[in-house]
Amino acid sequence: MLDLKRLRTEPETVAELLKKKGHDFDVAAFSALEEKRKALQVDTESLQNERNTKSRNIGNAKAAGEDIAPLLAEVDDLKATLQKKEVELDVIVGELETILHGVPNIPDERVPEGADEESNQEIRTWGKPRSFDFEAKDHIELGEARGGLDFETAVKITGSRFVVMQGEVAKLHRALVQFMLDVHTTEHGYTEVNVPNMVNAESAFGTGQLPKFADDLFELKDDRGFYLIPTAEVPVTNIVRDEIVEADALPMKFACHSPCFRSEAGSYGKDTRGMIRQHQFEKVELVQLVKPEQSKQAHEDLTHHAEVILQKLELPYRVVILCGGDLGFSAELTYDIEVWVPGQDTFREISSCSNFGDFQARRMQARWRNPNTGKPELIHTVNGSGLAVGRTLIAVLENYQNADGSVTVPLALQPYMGGASTILFP
RNA sequence: GGAGAGGUGGCCGAGUGGUUGAAGGCGCGCCCCUGCUAAGGGCGUAUAGGUUAACUCUUAUCGAGGGUUCGAAUCCCUCCCUCUCCGCCA
């Protein structure tokens, strides 16, 4: 959520900045509503003031034992007039809120222009894609061969875009989770957290999934209105919702392993094969809650923390900066980390690291007490995947495959695989 | 699931219809006194808006949302949450 004050004082500037994100902010409509709101609010409040004053007089008169009948007559029609104004004001305020809730965050000046991922800019690469002396298979072929990855059974159990993992593949998946958590908690200073995998609407609003992206979420069909989390970002960031934390509590750094549930609305026909795009996948998420002046550096650090995982696994990757059109609703700046996937002969997103500035904090009312001012001020939120586990599994299987269909276990993972250096599918 | 109690400011805690945005305490900030690692005293200390050049003035907020009333932290209704006991349960 943007600062309403800024939107009021310089709507044209904001509209101009939002163009980079492909958002058309209707300044005329907004300003017209604002005019109405202002007039109505002044009217309403002066009526409220009148009511308060007269009510106080009635109280005083009553206490003094005077006749209050004439005073009551005075306020007779005040109530109805006031109620009418209040309803009108509520409607206008509601309309303004709807607009405000739908306005995306303003992109950082470093964000390149562009409509879609074609305009994303590569900022660095690491490692060299391996050249195979045999025909490299993709993870589907590797995994299905002997049942390590079983998509058909998952279709029976649930439906498309799910997978059943078995044997060494399931173990490798688990090993990746443990490995990532260990690196982040012991080497990067994150605190491990385990959080609810369902959230209420307030939390989903706080991080920006609601109200605009309800279709991307799985909503539980029960009158409590819970949602399955699309990422641990939602519950973890909301730890500080409606809180005022002391300055020395910041930065807070959390690492969280969780399943992620996405309806993938609008992605029909994309990545339908394999486990690139699933309705359920697991992820180790990194979240940092920081003072405003720390967020830019925290974002760089966090991205690096995610990269370290790929470096330790010796998987080639590149980092791209997302252009305006590809940038998410709540983010001001996002780096995507893309891992080399031999089966597709391309880089695929495995992590998305974003700085949200105060955008999520304002929605959540997450604040810290600034000792310099003594006042509560909004914090900044930063997060990123460290990493998406399913996609990391794909990358390991495909990059480490051998001609005989076995897969070499990356050195860093061997302690988590009982020392095994190679796996065969079941 | 059943029975009961309760949700008030950064924290604790008064307050059952009329200057209560809210006593008192703690914490915090500034100052004074004391001159020694103690204590005492004074003042200040919620949030979000509107209005104003500013001072001022003003509105809302006592879990959330409705209602009654000239007037609601206080009365009524619905919901959420916490605690205690019982039941159930991985």
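Proteins come first, then strands; the chains are lettered A, B, ... in the order of their sequence lines, and each starts at number 1. Atom set for the values below is all heavy atoms of this structure, side chains included, hydrogens, waters and symmetry mates excluded. Every value quoted in this text rests on a predicted model; they were computed, and no experiment measured them.
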Next item on the list: Fit a plane to each ring of A:His279 and A:Phe218, take the angle between them on a 0 to 90° scale, and name the class: parallel (under 30°), tilted (30 to 60°) or perpendicular (over 60°).
Entry: perpendicular
Check: Take atom NZ in A:Lys36; do more than 12 heavy atoms of anything else shown fall under 6.0 Å from it?
Finding: no
Notebook entry, point to check: Passes side chain to side chain donor-acceptor pair (under 3.5 Å), A:Gln297 versus A:Asp301? Steps please.
Noted result: CA-CA 6 Å; A:Gln297 186 58 48; A:Asp301 293 346; 2.9 Å; yes
Margin query: Using atom P in both nucleotides, what's the gap between B:rC11 and B:rA23 to the nearest angstrom?
Written below: 16 Å
Next item on the list: Nearest whole angstrom, please: distance from the C1' of B:rG18 to the CG of A:Asn52.
Entry: 12 Å
Item checked: Whole-Å P distance, B:rG13 and B:rU61 -> 25 Å
Next item on the list: Between B:rC26 and B:rG41, how far apart are the P atoms? Round to whole Å, please.
Entry: 9 Å
Distances under 3.5 Å between protein N/O atoms and the N/O atoms of nucleotides 47-49 of chain B, please, pair by pair.
residue: B:rU47; atom: O3'; partner: A:Arg367; partner atom: NH1; Å: 3.3
residue: B:rG49; atom: O3'; partner: A:Arg8; partner atom: NH1; Å: 3.4
residue: B:rG49; atom: O2'; partner: A:Gln41; partner atom: NE2; Å: 3.4
residue: B:rG49; atom: N2; partner: A:Glu45; partner atom: OE1; Å: 2.7
residue: B:rG49; atom: N2; partner: A:Glu45; partner atom: OE2; Å: 2.9

Checklist line | Pairing string, 5' to 3', for RNA chain B - Watson-Crick or wobble contacts under 3.5 Å, brackets [ ] where pairs cross, | to another strand | finding: ((((((((.[[[..)..(.....]]]((((((.......))))))(((((......))))).[[[[[..)....]]]]])))))))....
Could you run down the sub-3.5 Å N/O contacts of the protein with nucleotides 63-70 of chain B?
residue: B:rC70; atom: O2'; partner: A:Ser55; partner atom: OG; Å: 2.9

Item checked: Note: A:Glu34-A:Arg37 ion pair, threshold 4.0 Å (strictly below) -> yes
Notebook entry, point to check: Does a side-chain N-to-carboxylate-O contact under 4.0 Å join A:Arg110 and A:Asp108?
Noted result: yes
Notebook entry, point to check: Rounded to the Å, how far apart are A:Gln48 CD and B:rG21 P?
Noted result: 14 Å
Note to self: Using a 4.0 Å heavy-atom cut-off, does A:Asn60 contact any base of the nucleic acid, only the sugar-phosphate backbone, or nothing at all?
What the structure shows: nothing
Next item on the list: Validate the cation-pi geometry between A:Arg174 and A:Tyr416: distance from NZ or CZ to the six-membered ring centre under 6.0 Å, angle to the ring axis within 45°.
Entry: no
Checklist line | Pairwise C1' distance for B:rC33 and B:rU20, with rounding to whole Å | finding: 35 Å
Next item on the list: Kindly assign one of parallel, tilted or perpendicular to the pair A:His188 and A:Tyr190, based on the angle between their ring planes and the thresholds 30° and 60°.
Entry: perpendicular
Item checked: Distance, C1' atom - from B:rA64 to B:rU8, rounded to whole angstrom -> 15 Å
Notebook entry, point to check: Is a side-chain donor or acceptor of A:Gln401 paired with a backbone partner of A:Lys137 at a separation under 3.5 angstrom?
Noted result: yes
Notebook entry, point to check: Is the side chain of A:His139 donor-acceptor paired with the backbone N or O of A:Met275 at a distance under 3.5 Å, no angle test?
Noted result: yes
Note to self: Work out how far the P atom of B:rG63 is from that of B:rG15, and round it to whole angstrom.
What the structure shows: 15 Å
Notebook entry, point to check: Which sits closer to the 5' end of RNA chain B, A:Phe226 or A:Glu50, going by the nucleotide each is nearest to?
Noted result: A:Glu50
Checklist line | Inter-nucleotide P distance (B:rG9, B:rC62), Å rounded | finding: 10 Å
Notebook entry, point to check: Do you know the tightest heavy-atom contact between A:Ala204 and A:Leu217?
Noted result: CB-CD1, 4.4 Å
Notebook entry, point to check: So does A:Asn49 get a side-chain nitrogen or oxygen closer than 4.0 Å to the phosphate oxygens (OP1/OP2) of B:rU58?
Noted result: no
Check: Hey, are A:Glu10 and A:Arg6 close enough for a salt bridge, meaning a charged N less than 4.0 Å from a carboxylate O?
Finding: yes
Checklist line | Ring geometry between A:Phe213 and A:Phe329 (parallel below 30°, tilted from 30 to 60°, perpendicular above 60°) | finding: perpendicular
Check: With rounding to whole Å, what would you report as the distance between B:rA72 and B:rU45 at their C1' atoms?
Finding: 27 Å
Check: Rounded to whole angstrom units, what separation is found between the CG atom of A:Asp242 and the C1' atom of B:rG10?
Finding: 15 Å
